[in-house]
Amino acid sequence: MMSIERIAVLGAGHVGPAIARVAIDAGYEVAIAASGDPADIELITGVLVPGATPLWAADAVAGADLVVLAIPLHRFPVFDPALVAGRLVVDVMNHWAPIDGHVAMFEDPAYGSSEIVARRLAGATVVKTLNHLGYHELEDDRRPADAADRRALGVAADDPAAAALVAEVVERIGYDAVRLPSLRAGRLLQPGGPVFGAALERAAFEDAVGVRQAA
Amino acid sequence: MTTFPLVLGLDTFGDTTDDAQGRPLSHAQSIRDVVEQGVLADHVGVDHIGIGEHHTPDMPMPAADVVLSAIAARTSRIRLGSAVTVLSSDDPVRVFQRFSTLNAISGGRAEVILGRGSSVDSFPLFGYDLADYEDLFEEKTALFAELLKGGPVTWQGKTRAALYEQDVVPYAENGAFPVWIGVGGSPQSVIRAARHGMSLMLAIIGGDPARFTPFSDLFQKALQRFGRDPLPVGVHAPGHVAATDEQARAEFWPYYLKVLRHYSRIRGFAVPNEASFRREIGPHGALYVGSPETVAQKIAVNMTRLGATRFDLKYGMGGLAHEKLMTSIELYGSQVIPRVRDLMASPEAPEA
Ligand SMILES: NC(=O)c1ccc[n+]([C@@H]2O[C@H](COP(=O)([O-])OP(=O)(O)OC[C@H]3O[C@@H](n4cnc5c(N)ncnc54)[C@H](OP(=O)(O)O)[C@@H]3O)[C@@H](O)[C@H]2O)c1
């Protein structure tokens, strides 16, 4: 796969439509799906994400180079891994217990939430990003590539090629992508970590997560 | 174009306040102060006072309806509502009864905003699981809508005992009280409000209010889809009014910082800094902090943008003294509200 052109966003709640909008602005072809009939999200899609196509989740995934998983974490245990087998998946979910409650599958403090997601979606390639900024900031905080105040977002994955593809998407949407070497290192992007909810430019972000790389 | 009257109100979460020496006042005193604030709001011409349900030591406000009743007894004009009632962890029948009773006491001035609010403390307290939030809210809202129709109720669901031809009292005198659904960014909740014929209250507590414009649009389109008449859209947002911009900022910022520091520790997000505060109090931010003129301009601009006919300023911020809040309420009623009315009535709608 050379680059990403078609994106499927799973989840039409707070976060899914916000990601779909910025993806459309960046020139991607975007499909969006909830857990059921696309007719149920037709109005939401038409008003909040003009230009996106509401589909059944399976159809959205089938036509996509990249799948964004933007569903509530407590629904993940009943999410069917077969749906995204063989796919490149961006996990934007958080285990944010004080806000969303505890989810048993994610309780083990030894593992980051995306490590647990990746273990369950064994047939997919999982990349963690876009989880640590508020969905309400996603549109406003975008900047062109050369802007001095461009905000940085972490991109964590075990597979460097997958990380590179997703980093390119993050850059095209309007953020500096800071690569973290593994999903395990992606724990730094979680709630309670140094960058969760923090608007940082590249240098400060790299300092905060302790990586240094050529831009 | 606007078919609904302009409603300019205040909301509080009943934060405990500090005395002149910076020591926190007792829960009991803070609650009594909220009653005084409500009475003052009535006297200075505020249209509505809303009290949010909270269950924490810094916001000891679990029984908003009781406090609203006390305000009702000492006022005759101001409308009295919740902001919000956490319906998911309550019994819709009890909520209906309590607010119907308030409606009776106040001569028809009660309202309810149903929602989740930004605190989730009622869930562990009453033995609910946050993972069930959506299902609880959906089912209980449906029951609440049934109760509002009046008359014996027959209902069956998973979240409470079934009702068969059940009388639920007190009966309404002049129809049901107004009900809103508070929405912080969930499009499903916007659709839900439209489906049940409840008005839409947008809680805008961070970021550019303009991003909510599509939500108002979605609401009106959804009402059409469900064959319902248009309903009003309101905005709830935090702020503080003082004589000058500088004074308002200086009074508000330390408490805002303290409260957010506290929550950032518990919830694990980054503490805001002065730059983010400046952004939030600026034209593209969510906070209404400043002189009466600054706050009025910002309210008028955003109401126009969002197609809203109601605005509730959420005053108070953990610790901010009762006396400062009283001044803020006085300025809001006597200066901000008339100014917003002027600005919104002028043929040239205010521009962003
Ligand atoms: N709050 C933030 O700013 C923020 C930022 C970044 C990331 N996050 C994370 O993003 C995730 C989503 O949060 P949210 O607030 O957007 O949740 P939300 O509003 O509750 O999302 C609900 C949406 O997810 C859909 N959904 C549920 N199960 C699904 C499935 N199996 N397949 C497809 N769609 C499904 C629902 O569809 P139905 O209505 O059909 O059930 C609905 O459209 C969370 O893990 C959160 O931690 C949040």
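Within every chain, numbering begins at 1; the chains are lettered A, B, ... in the order of the sequence lines, protein sequences first and strands thereafter.
Interface remark: A:A18 contributes no atoms to any contact with chain B (heavy atom separation under 4.5 Å). Heavy atoms closer than 4.5 Å to chain A are found in the side chain of B:R116, but not in its backbone.
In this structure, CZ in A:F196 is found 11.5 Å from OG in B:S264, a value given to the nearest 0.5 Å.
If you tally non-hydrogen atom pairs under 4.5 Å between each of B:G184, B:A270, B:G185, B:G207 and chain A, the highest count goes to B:G185.
Listed by sequence position, A:I44, A:V47, A:L48 are the residues of residues 44-59 of chain A in contact with chain B, using a 4.5 angstrom heavy-atom cutoff.
Here the rule is side chain to side chain contact (heavy atoms under 4.5 Å, CB included) with B:R211, and of A:H136, A:E137, A:E139 only A:H136 fits it.
A heavy-atom distance below 4.5 Å is not found between the side chains of A:I99 and B:V120. Here the side chains of A:D140 and B:H284 are not in contact, with every heavy-atom distance at 4.5 Å or above. At a threshold of 4.5 Å between non-hydrogen side-chain atoms, the residues A:H14 and B:S189 do not count as touching. Put simply, the side chain of B:E134 does not reach to within 4.5 Å of the side chain of A:R75, judged on heavy atoms.
Summarising the local packing, OH of A:Y111 is surrounded by 12 or fewer heavy atoms from other residues, nucleotides or ligands at distances under 6.0 Å. With a 6.0 Å radius and a threshold of 12 heavy atoms from other residues, nucleotides or ligands, A:R120 has its CZ atom above the threshold. Applying the 6.0 Å contact sphere to CD of A:E171 captures more than 12 heavy atoms from other residues, nucleotides or ligands.
Contact record, A:G13 with B:Q188: CA-OE1, 3.4 Å, taken as the closest heavy-atom pair.
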